[in-house]
Amino acid sequence: MNGNSGIVSYGGSVELHQSAVGDGATVILPATPEKEPLSPATPEREPARRADIGVITILGVEAGAVHDVLGLRPVRRSTLPFYEGDVAADGTTRRVVAIRALSQGQRSTVIAFEHLRRHYSPSVVVLTGIGGSINPSVRVGDVVVTTRVVYYDLRKETSQGQRRRGEERQAPATTGHAVNSFFTTHGEPATVRTGRTSFRVLTGPIGSGEAVIADAESEIRRYLKAFNDKILAVDMEAGGLTQAFHEQDGPGLARGWTVIRGISDDSNSAKNDDHQRVAARHAAITLRRLLPYLQSE
């Protein structure tokens with residue numbers, strides 16, 4: 001092989017890339033394109049910071065009340081609209097982020113919970129808004145804070161009729177202690193004063209399902225009373241929140257949940273939207289008063 005010049009192969013294959021063969025061979029490569037700078041019109045978004053409290057609302061009137069009372073500002077993460085801010089309350093500061101679920105009901109609430117977890121990993125998630133009273137001790141304008149939810153829509157259809165299979169879920173003890181501390185400080189029921197008016201805040205279990213209840217003799221009302229005569233109110237989303245919390249997995253797990261419901265009606269034939277705005281604002285004010293008691297990182 002003496003005097004050989006070039007490439008010699010004794011079998012197999014040879015691949016040459018960006019190479020030259022022979023005396024004085026030269027390879028000229030194209031210049032590496034420079035990375036284009038970001039346009040000033042499309043700045044990089046600031047990465048989301050972990051939140052202490054995540055808030056889920058359903059109706060526009062609920063979302064508006066939370067944003068106004070807590071002073072939250074709009075931001076966008078991926079394609080999702082959130083509202084966030086650092087909220088001072090009773091000598092503490094909590095980082096709060098809120099999202100409005102796409103629609104009413106349990107399913108959208110589950111998705112809203114996961115959006116909060118994925119983008120902000122809040123320590124506690126609070127479902128805040130309006131609900132209906134089913135207990136004579138709870139009046140329109142009152143607020144119910146709960147860590148116990150009875151989901152009533154599990155049922156069996158038989159030839160003898162419908163048999164409901166209620167399922168109760170309770171928030172972790174740390175959240176229960178936090179809510180108890182609020183009522184220890186403010187009384188039970190608590191009285192919250194706002195300017196010239198005031199409203200009551202009570203605590204007790206609520207019922208949750210997919211039905212809008214507008215009948216004082218509703219079968220659902222009778223069932224819930226038989227299940228637990230201490231149930232104070234009903235809504236259409238809390239069951240989804242408790243299920244999402246129960247089944248969460250992976251990093252950034254929420255450590256607790258609670259539900260705040262401003263009472264807008266008595267779940268009877270007189271049900272209407274007249275008191276929704278006041279009820280939603282009372283719920284948002286209660287949320288702000290509760291913030292110092294909820295655990296944070």
Side-chain angles (χ1 to χ4, degrees), residues 52-74 83-98 100 124 126-147 178-206 213-214 216 230-235 237-238 258-294:
D52 298 311
I53 309 297
V55 181
I56 298 173
T57 59
I58 309 301
L59 303 178
V61 68
E62 300 169 344
V66 167
H67 304 162
D68 182 53
V69 171
L70 272 58
L72 306 183
R73 68 184 188 281
Y83 282 74
E84 64 180 44
D86 295 315
V87 183
D90 289 344
T92 66
T93 300
R94 294 286 186 265
R95 181 157 184 80
V96 180
V97 59
R100 180 183 173 187
V124 180
V126 185
L127 178 62
T128 305
I130 64 174
S133 168
I134 61 169
N135 192 300
S137 68
V138 182
R139 306 188 296 260
V140 171
D142 288 346
V143 174
V144 173
V145 177
T146 189
T147 56
V179 171
N180 286 347
S181 294
F182 170 85
F183 285 101
T184 299
T185 302
H186 297 280
E188 190 175 345
T191 299
V192 175
R193 291 177 173 80
T194 57
R196 297 179 180 179
T197 64
S198 64
F199 60 89
R200 300 188 308 160
V201 183
L202 304 91
T203 186
I206 69 169
I213 303 174
K230 299 295 185 183
I231 292 177
L232 300 181
V234 289
D235 80 354
E237 289 83 26
T258 190
V259 179
I260 302 175
R261 287 308 189 198
I263 302 304
S264 62
D265 60 75
D266 291 320
S267 304
N268 56 25
S269 58
K271 176 181 173 66
N272 56 49
D273 298 344
D274 292 351
H275 302 287
Q276 286 188 354
R277 189 170 300 278
V278 171
R281 189 163 186 86
H282 286 181
I285 292 170
T286 301
L287 169 61
R288 181 159 194 153
R289 299 291 179 92
L290 188 62
L291 287 180
Y293 299 87
L294 298 175

Salt bridge present between D68 and R281 (N-O < 4.0 angstrom):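 Salt bridge present between D68 and R281.
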Electrostatic pair D265-K271, nearest N-O below 4.0 angstrom: yes
Minimum heavy-atom distance [X]-[Y], with the two atoms named:
X	Y	value
A279	I130	CB-CG2, 3.9 Å
I58	R100	O-NE, 2.9 Å
L72	G85	CD2-N, 3.7 Å
G129	A283	O-CB, 3.4 Å
T191	S198	CG2-CB, 4.1 Å
P292	A89	CG-O, 3.3 Å

Taking [X] for its side chain and [Y] for its backbone only, find out whether a donor-acceptor pair lies under 3.5 Å.
X	Y	result
H282	G141	yes
D273	Q276	no
N268	A214	no
R288	A88	yes
S264	H275	no

Side-chain heavy atoms of [X] within contact of [Y], under 4.5 Å:
X	Y	result
V55	V97	no
T203	V179	yes
V259	V145	no
R73	Y83	no
I53	L294	yes
I206	V144	yes
V278	F199	no
I134	L232	no

Listed once per pair and sorted, the side chain to side chain donor-acceptor pair (under 3.5 Å) pairs that draw on residues 178-187, sequence neighbours left out: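 Applying side chain to side chain donor-acceptor pair (under 3.5 Å) to every pair that reaches into residues 178-187, excluding sequence neighbours, yields T185-Y293, H186-Y293.
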Atom pair CD/CD of E237 and E62 - distance to nearest 0.5 Å: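 Result: 7.0 Å between the selected atoms.
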side-chain contact (heavy atoms from CB on, under 4.5 Å) partners for R139, two or more places apart: D142, R200
S133: side-chain contact (heavy atoms from CB on, under 4.5 Å) partners, not counting sequence neighbours: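 Result, side-chain contact (heavy atoms from CB on, under 4.5 Å) vs S133: V138, I263, D266.
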Pair D86-R95, salt bridge (Lys or Arg N to Asp or Glu O under 4.0 Å): steps then yes or no: CA-CA 4 Å; D86 295 315; R95 181 157 184 80; 3.2 Å; yes
Intermediate values then yes/no, side chain to side chain contact (heavy atoms under 4.5 Å, CB included), V69 and L287: CA-CA 9 Å; V69 171; L287 169 61; over 6 Å; no
